[in-house]
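Have a look at the structure below, then the notes.
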Amino acid sequence: MHTTPSTTTLQQAVQAPHQGLAMFIRLLPAALFLLAGLRKILAYGATVQHFSGLGLPLPGLVTPLVIAIEIVLPLLFIAGWRLRELGVLLALYTVATGVVAHQFWAVPDAQFGNQFNHFFKNVAIAGGFLLAAFPTAAATARARP
């Protein structure tokens, strides 16, 4: 199909608001790690201790790596760079952080509900990353009445 300049201009005008909406949608799940990464910088020593308490190996080396992941990847995702790859990576990272930090299956009863909710919050956020990374798949998977 041949597009005329007026058709192209019309398409761009229609797509412009959707691009802003798409960026906002990417911001929602990415904000979790972006803010967490910044908090880790502000409380660096406490973060190293927390990672040590979780049993992570070499917490002094893991901490800057986690901070870099939690700041750089979300910023790239929000900007729309390589969405599919970053969406999958961030979804996997989100589930992995849930497995490491929210082990509801291995905590005392008093902590079970809190850790259960946090774990499945991570699972839901992973779904948000995947939906933002694969918008056509999300659109074609609509429930039919």
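Computed from a predicted model, the values in this text were never measured in an experiment.
Judged by distance alone, the side chain of Asn122 and the main-chain N or O of Thr94 form a donor-acceptor pair under 3.5 Å. In this structure, the side chain of Thr63 engages the main chain of Pro59 through a donor-acceptor pair within 3.5 Å.
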Item to check | Full working for side chain to side chain contact (heavy atoms under 4.5 Å, CB included) between Leu86 and Phe129 | outcome: CA-CA 8 Å; Leu86 283 173; Phe129 280 123; over 6 Å; no
Checklist entry - Checking side chain to side chain contact (heavy atoms under 4.5 Å, CB included) for the pair Val88/Phe134: CA distance, chi angles, key distance, verdict? => result CA-CA 9 Å; Val88 170; Phe134 297 97; 3.8 Å; yes
Item to check | side chain to side chain contact (heavy atoms under 4.5 Å, CB included) assessment of Leu89 paired with Phe77 | outcome: CA-CA 10 Å; Leu89 282 174; Phe77 186 76; over 6 Å; no
Checklist entry - So Leu90 and Leu130, side chain to side chain contact (heavy atoms under 4.5 Å, CB included) or not? Walk me through it. => result CA-CA 9 Å; Leu90 285 165; Leu130 294 174; over 6 Å; no
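In terms of hydrophobic clustering, with Ile, Leu, Val, Met, Phe, Trp and Tyr side chains grouped at heavy-atom distances under 4.5 Å, Val99 and Val123 are assigned to a common cluster. Residues Leu32 and Leu54 fall within the same hydrophobic cluster, defined by Ile, Leu, Val, Met, Phe, Trp and Tyr side chains chained together at heavy-atom separations under 4.5 Å. Side-chain heavy atoms closer than 4.5 Å link hydrophobic residues (I, L, V, M, F, W, Y) into clusters, and following such links, possibly through other members, connects Phe119 to Phe112. One hydrophobic cluster, built from ILVMFWY side chains closer than 4.5 Å, holds both Leu28 and Met23. Linking Ile, Leu, Val, Met, Phe, Trp and Tyr whenever their side-chain heavy atoms come within less than 4.5 Å puts Val66 and Val72 in one cluster.
For Pro74 against Ala30, the heavy-atom pair with the smallest separation is CB-O, 3.6 Å. Taking each heavy atom of Ala132 and Pro135 in turn, the nearest pair found is O-CD, 3.6 Å. Across all their heavy atoms, Gly37 and Glu70 have their closest contact at N-OE1, 3.4 Å.
Taken to the nearest 0.5 Å, the CG atom of Leu34 stands 5.5 Å off from the CD1 atom of Ile78. From Ile67, atom CD1 reaches atom NZ of Lys40 across 7.5 Å, with rounding to the nearest 0.5 Å. Leu65 CG to Phe51 CZ: the interatomic distance, rounded to the nearest 0.5 Å, is 9.5 Å. One finds the CG atom of Leu83 at 5.0 Å from the CZ atom of Arg26 (value rounded to the nearest 0.5 Å). Distance check, rounded to the nearest 0.5 Å: CD of Gln111 to CD of Gln103 gives 11.0 Å. A distance of 9.0 Å separates CG of Leu42 from OG1 of Thr47, quoted to the nearest 0.5 Å.
Looking at Leu76 and Arg82, their side chains never come closer than 4.5 Å, going by heavy atoms from C-beta outward. When side chains are defined from C-beta on, Trp81 does not count as touching Leu75, because their heavy atoms never get closer than 4.5 Å.
Taking the six-membered ring where the residue is Trp, the centroids of Tyr93 and Phe33 are separated by under 6.0 Å. You'll find the ring centres of Trp105 and Phe116 outside the 6.0 Å limit.
Counted by atom type alone, His118 and Asn114 present one or more donor-acceptor pairs between their side chains at under 3.5 Å.
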